[in-house]
Amino acid sequence: MNRALILATVAIVALVLVADHLMAGTIAGGSPASSQTFSPTFYKDVLPILQERCQSCHRPEEAAPMPLFTYEQTRPWAEKIAAAVEQRMMPPWFADPRYGHFSNDPSLTAGQIATIVNWAQAGAPAGSANDAPPPRKWTDGWNIPQPDVIVQMPKPVAIPAHGEVEYTYEIVPTNFSEDKWVQMIEVRPSSPAHVHHAVVYIRPPGSAWLRHAPANTPFTASMLKDPEEQRQAHETTSDLLLVYAPGSAAERFPDGMAKFIPAGSDLVFQIHYTTSGDAARDQTSAGLVFAKTVPARRVVTLQLNNHAIIIPPGVDDFRVEVQGTLPNDATLLSLFPHMHLRGKRFEYDIVHKDGSIEPLLRVNYHFHWQLTYKLAEPRELKAGTTLRAIAWYDNSKNNPHNPDPDRTVTWGDQTSDEMMVGFFDVGIPASMDKWQFFIRNTHDEDHQEKQ
Ligand code: HEC
């Protein structure tokens, strides 16, 4: 960890401590209570926080290693839990709180952190089970309501025990006989521990993309015969249905907005598997909940990319920037930064005409946690608005994730290569497709935005 990061952490802890004092007073009923007079117990004070902020992952078949439902399950972890929440490592969230407001921000309040820390310091008392809140109900399998359609990769992918795995594709026809609007989406690998990330594309019936590749069976680009098609595997104008990465949640678009899947489309699963020492099989599914009525707006996923990254060896704060102007009016909904192991920070800004910068999101990037940041208030952006993304990379030996600090690093699929992608979702008129959105009415300067 470098000095700047340590300083930032210290600053946050200091803020929390000051605020804790205030909150502890409030919780104890307004008396000027010190932390000694507030003695939280598991059932009364801690369990409600676990239900609200932790069990979404800390339950069977989800990402986290241990369930946090009962006192017996939680007690042995008390100290680690206190440390994780105090350092704001859990629940995972990496946005700088000074910029933007996000509807999916799971951060604990200073009061909740104080409750957990005080509880752990007091020896993690159980208290009375009569004080426990009713158990929170979790649906097995899905975090969205029962999907209208589940599209599963028909053939499992065999993941080897060791080594790097080339991106794996599986094309699955939807057989939809009519157009569909998708309000909620959840992507679930059957072997989440082996999935670094997955992208599900919507391939409309007219698309030439991977047209000669087989359907319903896994393949990689190097298995394709046509060199042109091998190259194309990584480039498509097809819209994304969803990007899945560890920690990423199910997608629920605001009312009146949905993703569009034309009749006869295929879903193309593109999955980056990682090995763990044990061979495994994965059969990823996408669960779809359809909109009840035709929405006013279509959600499309755009991206600000910079492929021309050349990160010198040893450099600990290498900066890469990209700008693009919006070809048409759009409602900005969410942001999803993507880098690999050397990724350090990422930011999105609006660059106003007068040159002033309006930060939308600043993230201390963590490779193992690729999150979507959903704007608490969708933001109307006019055609011609300039968006900017900046990424910083740490290619020094001080980066514990760096596989090789002596290498010059360029764009590539594998995690030992790098990427610089600022995904963002926008709402556009329902009748407009992604191609039409990129048609500009006015003659614009730079057009660096990629689809
Ligand atoms: C988005 C999913 C998610 C949420 C929400 C979440 N966790 Fe975790 N947690 C994980 C995963 C995955 C791991 C294991 C990998 C890691 O440590 O990063 C983990 C690890 C932990 C650990 C172990 C750290 C260690 O030292 O080994 C603790 C303690 C913990 N979580 C507590 C919590 C608490 C308390 C909450 C709620 C306030 C919470 N987590 C919310 C996913 C989550």
Side-chain angles (χ1 to χ4, degrees), residues 1 9 12-13 16 20 23 40-95 97 102-121 124 133 135-136 138-139 141-144 186-189 191-198 242-252 274 276-277 334 336-337 341 343 363-374 400-401 415:
M1 209 190 262
T9 315
I12 288 170
V13 172
V16 168
D20 280 353
M23 291 303 290
T41 65
F42 176 79
Y43 289 113
K44 186 159 188 281
D45 307 292
V46 174
L47 186 54
I49 304 174
L50 301 180
Q51 288 183 346
E52 187 193 330
R53 293 292 185 220
C54 317
Q55 289 179 358
S56 58
C57 298
H58 287 271
R59 67 186 159 103
E61 289 186 43
E62 288 294 334
M66 69 291 188
L68 296 175
F69 280 78
T70 64
Y71 181 67
E72 290 66 33
Q73 288 165 343
T74 310
R75 172 73 189 81
W77 289 94
E79 273 165 29
K80 285 211 159 139
I81 289 173
V85 300
E86 197 168 26
Q87 292 160 31
R88 294 194 175 263
M89 286 162 52
M90 287 285 151
W93 184 251
F94 303 93
F102 303 94
S103 59
N104 60 329
D105 182 348
S107 304
L108 301 186
T109 65
Q112 289 172 318
I113 294 173
T115 299
I116 290 177
V117 170
N118 290 342
W119 168 73
Q121 279 171 357
R136 180 160 174 184
W138 296 98
T139 10
W142 298 101
N143 291 302
I144 54 175
E186 184 171 351
V187 170
R188 288 188 79 88
S191 186
H194 291 87
V195 176
H196 165 258
H197 77 264
L242 192 67
V243 181
Y244 163 94
S248 66
E251 184 62 84
R252 295 156 195 262
T274 47
S276 66
S334 65
F336 182 106
L341 289 163
V363 169
N364 285 315
Y365 193 73
H366 197 300
F367 174 71
H368 292 294
W369 291 107
Q370 304 195 36
L371 307 183
T372 302
Y373 298 87
K374 297 182 187 176
H401 303 293
T415 53

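For ligands, and for the atoms within them, numbers begin at 1 and follow the listed sequence. Bear in mind the structure is a predicted one, so any value in this text is a computation, not a measurement.
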Does Arg59 have any salt bridge (charged side-chain N to carboxylate O under 4.0 Å, His left out) partners at least two apart in sequence or in another chain, and if so, which? Glu62
Listed by chain and number, what are the salt bridge (charged side-chain N to carboxylate O under 4.0 Å, His left out) partners of Lys44, not counting sequence neighbours?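 Once residues adjacent in sequence are excluded, Lys44 has no partner under the salt bridge (charged side-chain N to carboxylate O under 4.0 Å, His left out) criterion.
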Do Arg188 and Val195 have side-chain heavy atoms sitting under 4.5 Å apart?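 Of all side-chain heavy-atom pairs linking Val195 with Arg188, none is under 4.5 Å.
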Is there a side-chain contact (heavy atoms from CB on, under 4.5 Å) between Phe42 and Thr74? Walk through the geometry before answering. CA-CA 9 Å; Phe42 176 79; Thr74 310; 3.6 Å; yes
Within the protein, flag every N or O under 3.5 Å from an N or O of ligand 1, and note the pair and distance.
{"from": "ligand 1", "atom 1": "7 (N)", "to": "His58", "atom 2": "NE2", "distance (Å)": "2.9"}
{"from": "ligand 1", "atom 1": "9 (N)", "to": "His58", "atom 2": "NE2", "distance (Å)": "3.0"}
{"from": "ligand 1", "atom 1": "31 (N)", "to": "His58", "atom 2": "NE2", "distance (Å)": "2.9"}
{"from": "ligand 1", "atom 1": "40 (N)", "to": "His58", "atom 2": "NE2", "distance (Å)": "2.7"}

Which residues pass the side-chain hydrogen bond (donor to acceptor under 3.5 Å, both in side chains) test with Gln370, sequence neighbours left out?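 For Gln370, the residues satisfying side-chain hydrogen bond (donor to acceptor under 3.5 Å, both in side chains) (neighbours in sequence not counted) are His196, His338, Tyr365.
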Phe367 and His401 aromatic centres sub-6.0 Å: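 Centroid separation for Phe367 and His401: 6.0 Å or greater.
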